[in-house]
Chemist: 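Following this message is one structure expressed as structure tokens.
Per chain, numbering begins at 1; letters A, B, ... match sequence-line order.
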Number of protein chains: 2
Amino acid sequence: MDQEKMDRRIAKTRIAIKNVFTELIDEIGFDAVTVKNITDKANINRSTFYLHYRDKYDLLEKSEEEIIQKIEEISKSIRRLTPKELNNLYSDNKPFPFVIKLAEYFRDNAAFLKVILGPKGDLSFQEKIKTILEKNIVENVRAIFGEGTFHVPIDVFMAYIISAHVGSILHWLNTGMKQSPEEIATIIFNLTFQGPVNAIGFKKFQ
Amino acid sequence: MDQEKMDRRIAKTRIAIKNVFTELIDEIGFDAVTVKNITDKANINRSTFYLHYRDKYDLLEKSEEEIIQKIEEISKSIRRLTPKELNNLYSDNKPFPFVIKLAEYFRDNAAFLKVILGPKGDLSFQEKIKTILEKNIVENVRAIFGEGTFHVPIDVFMAYIISAHVGSILHWLNTGMKQSPEEIATIIFNLTFQGPVNAIGFKKFQ
DNA sequence: AGATTAATAAACACAGTGTTAATTATTTTG
DNA sequence: CAAAATAATTAACACTGTGTTTATTAATCT
């Protein structure tokens, strides 16, 4: 929180621990990481670790909590769209601002996010991200469709697009972020609004 | 493999281990599971465990391997569709046979799959499932579109629909499988071909 | 410069690991 | 069914990591 008033030794130690932690998860996977691993690699005494974190799960939780809070801030900072505004986005082929901001945040924190969301990371973290996304999308869906009936079960629809969004951004992150945040957001927007099969250029045969 | 010729004691022990293993992952998460946990709960001697598996990772690997092989069999057993056949599916609103079969297999093995693909499970397993799906879809895409240019990057398209498919089926599994395998496959098919936003019934405002 | 606080070092009992060897129990087979 | 084969058990082993404590050293803040 208040990184300003923090004793330099504390700040230094925590940064060292977190950096080494990220590296180790990447190298051997979270559950293989030991406290001893961390302190050896960070060149600090094992007791020092316990002055800051209860155990490796506490460290994981606190590292994730920082990210979650930031993403929730981003989500809250963006005003809900009116049906009219959404319509304009659709006409102008402009992606949701939230998805752009999300991609930007992922880009700026790629090191930790790649690892923690990767195959050696923490599956429950993906769920937490999805929950934030869900909150965000639910509100937009309500605003646009009201409580009317849908052609497909709304819960499956939600699961579909949330998984698709997270999966796409993660793919983008893991393949070197070849597009800008705006570009990847636009691609995802098109896949969602035109539908993947139309977006890619499928024409019905006759 | 040859469960026929297996000594009854071996079969009994391995089934006991695998059942308890699934329960424990569900209860405390894979990385918290210890060999001692497993053998205590299964009421077998700890040494017995080591007669069958090298460690808990070996057990995980072998449990996953069975599933992967079955899903790969399913994938291979289904003939590739011709563009004409795909067109017919599209016209008749009939889902891909592979997706139906996949949903059926998930339904029939829900206990282990729910746990291993859940937040306390193994993230790398989801990747393995996605890899099989990718192989399957790539062939269909090639058959239909050839090597032509696409309106969106093909890799993002793939990541999008694969994540969407896995995410939807997992959601279906975790919420009590309210639809039949055919139904959920049809829903996913519609979301993919019409696009999520159209499928749900969105009409452009004017 | 002195007071404060963080980091270190060394020791502790404790959990679980993976292996071994001898013994007991069950299953297979001839 | 009895003998042979093999699986499971028991108990012991050294080893690695955990989480905590206490005294000492070192860095920082005021």
Chemist: Using a 6.0 Å distance limit plus a 45 degree cone around the ring axis, check whether A/Lys56 lies over the aromatic ring of A/Phe30.
Modeler: yes

Chemist: Would you tabulate the pairs of protein nitrogen or oxygen atoms and nucleotide nitrogen or oxygen atoms of nucleotides 3-5 of chain C closer than 3.5 angstrom?
Modeler:
{"unit_1": "C/dT5", "atom_1": "O2", "unit_2": "A/Arg9", "atom_2": "NH1", "d": "3.1"}
{"unit_1": "C/dT5", "atom_1": "O2", "unit_2": "A/Arg9", "atom_2": "NH2", "d": "3.3"}

Chemist: Identify each atom pair where a protein N or O and an N or O of nucleotides 19-24 of chain C are less than 3.5 Å apart, giving names and distance.
Modeler:
none

Chemist: Would C/dA25 be called syn or anti, given that syn covers angles within 90° of 0?
Modeler: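 You should classify C/dA25 as anti.
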
Chemist: So how far is it from B/Glu73 CD to B/Ile132 CD1, rounded to the nearest 0.5 Å?
Modeler: 10.5 Å

Chemist: Is there a salt bridge (charged side-chain N to carboxylate O under 4.0 Å, His left out) between B/Glu183 and B/Lys178? Walk through the geometry before answering.
Modeler: CA-CA 9 Å; B/Glu183 283 164 351; B/Lys178 290 176 187 123; over 6 Å; no

Chemist: So does A/Asn45 get a side-chain nitrogen or oxygen closer than 4.0 Å to the phosphate oxygens (OP1/OP2) of C/dA7?
Modeler: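 Answer is no, no contact under 4.0 Å.
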
Chemist: Taking any atom closer than 4.0 angstrom to a non-hydrogen atom of chain A, what span of DNA chain D does the protein reach, first nucleotide to last?
Modeler: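 Answer, 5' to 3': D/dG17 to D/dC29.
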
Chemist: Just distance, no hydrogens or angles: give the donor-acceptor pairs under 3.5 Å from side chains in residues 105-125 of chain B, sequence neighbours left out.
Modeler:
{"unit_1": "B/Asn109", "atom_1": "ND2", "unit_2": "B/Tyr105", "atom_2": "O", "d": "3.0"}
{"unit_1": "B/Lys120", "atom_1": "NZ", "unit_2": "B/Asp26", "atom_2": "O", "d": "3.0"}
{"unit_1": "B/Lys120", "atom_1": "NZ", "unit_2": "B/Glu27", "atom_2": "O", "d": "3.4"}
{"unit_1": "B/Asp122", "atom_1": "OD1", "unit_2": "B/Ser124", "atom_2": "N", "d": "3.1"}
{"unit_1": "B/Asp122", "atom_1": "OD1", "unit_2": "B/Ser124", "atom_2": "OG", "d": "2.9"}
{"unit_1": "B/Asp122", "atom_1": "OD2", "unit_2": "B/Ser124", "atom_2": "OG", "d": "3.0"}

Chemist: Classify A/Thr34 by what it touches in the nucleic acid, base, sugar-phosphate, or nothing, heavy-atom distance under 4.0 Å.
Modeler: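 Sugar-phosphate, backbone atoms only, no base.
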
Chemist: Could you list all the ring pair (Phe, Tyr, Trp, His ring centres under 6.0 Å) pairs where at least one residue sits in residues 160-186 of chain B, not counting sequence neighbours?
Modeler: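 Sorted result for residues 160-186 of chain B: empty, none.
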
Chemist: Specify whether B/Phe96 and B/Phe189 have parallel, tilted or perpendicular ring planes, treating 30° as the upper limit for parallel and 60° as the lower limit for perpendicular.
Modeler: perpendicular

Chemist: With sequence neighbours excluded, tell me which residues meet ring-ring contact (aromatic ring centres under 6.0 Å, His included) with B/Tyr50.
Modeler: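 Testing B/Tyr50 for ring-ring contact (aromatic ring centres under 6.0 Å, His included), a comparison that skips the adjacent residues, returns none.
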
Chemist: Which base sits across from D/dT16 as a Watson-Crick or G-U pair, both distances under 3.5 Å?
Modeler: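 Paired with D/dT16, as far as the under-3.5 Å criterion goes, is no nucleotide at all.
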
Chemist: Side-chain N or O of B/Arg8 versus OP1/OP2 of C/dT28: is the shortest distance under 4.0 Å?
Modeler: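 Yes, such a contact exists.
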
Chemist: For A/Phe157 together with A/Phe150, are the ring centres under 6.0 Å from each other?
Modeler: no

Chemist: I need the CZ-P distance between A/Phe49 and C/dT8, as an integer number of Å.
Modeler: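 Those two atoms, CZ and P, are 14 Å apart.
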
Chemist: When the nearest nucleotide of DNA chain C is assigned to B/Lys12 and to B/Asn37 on a heavy-atom basis, which residue is associated with the more 5' position?
Modeler: B/Asn37

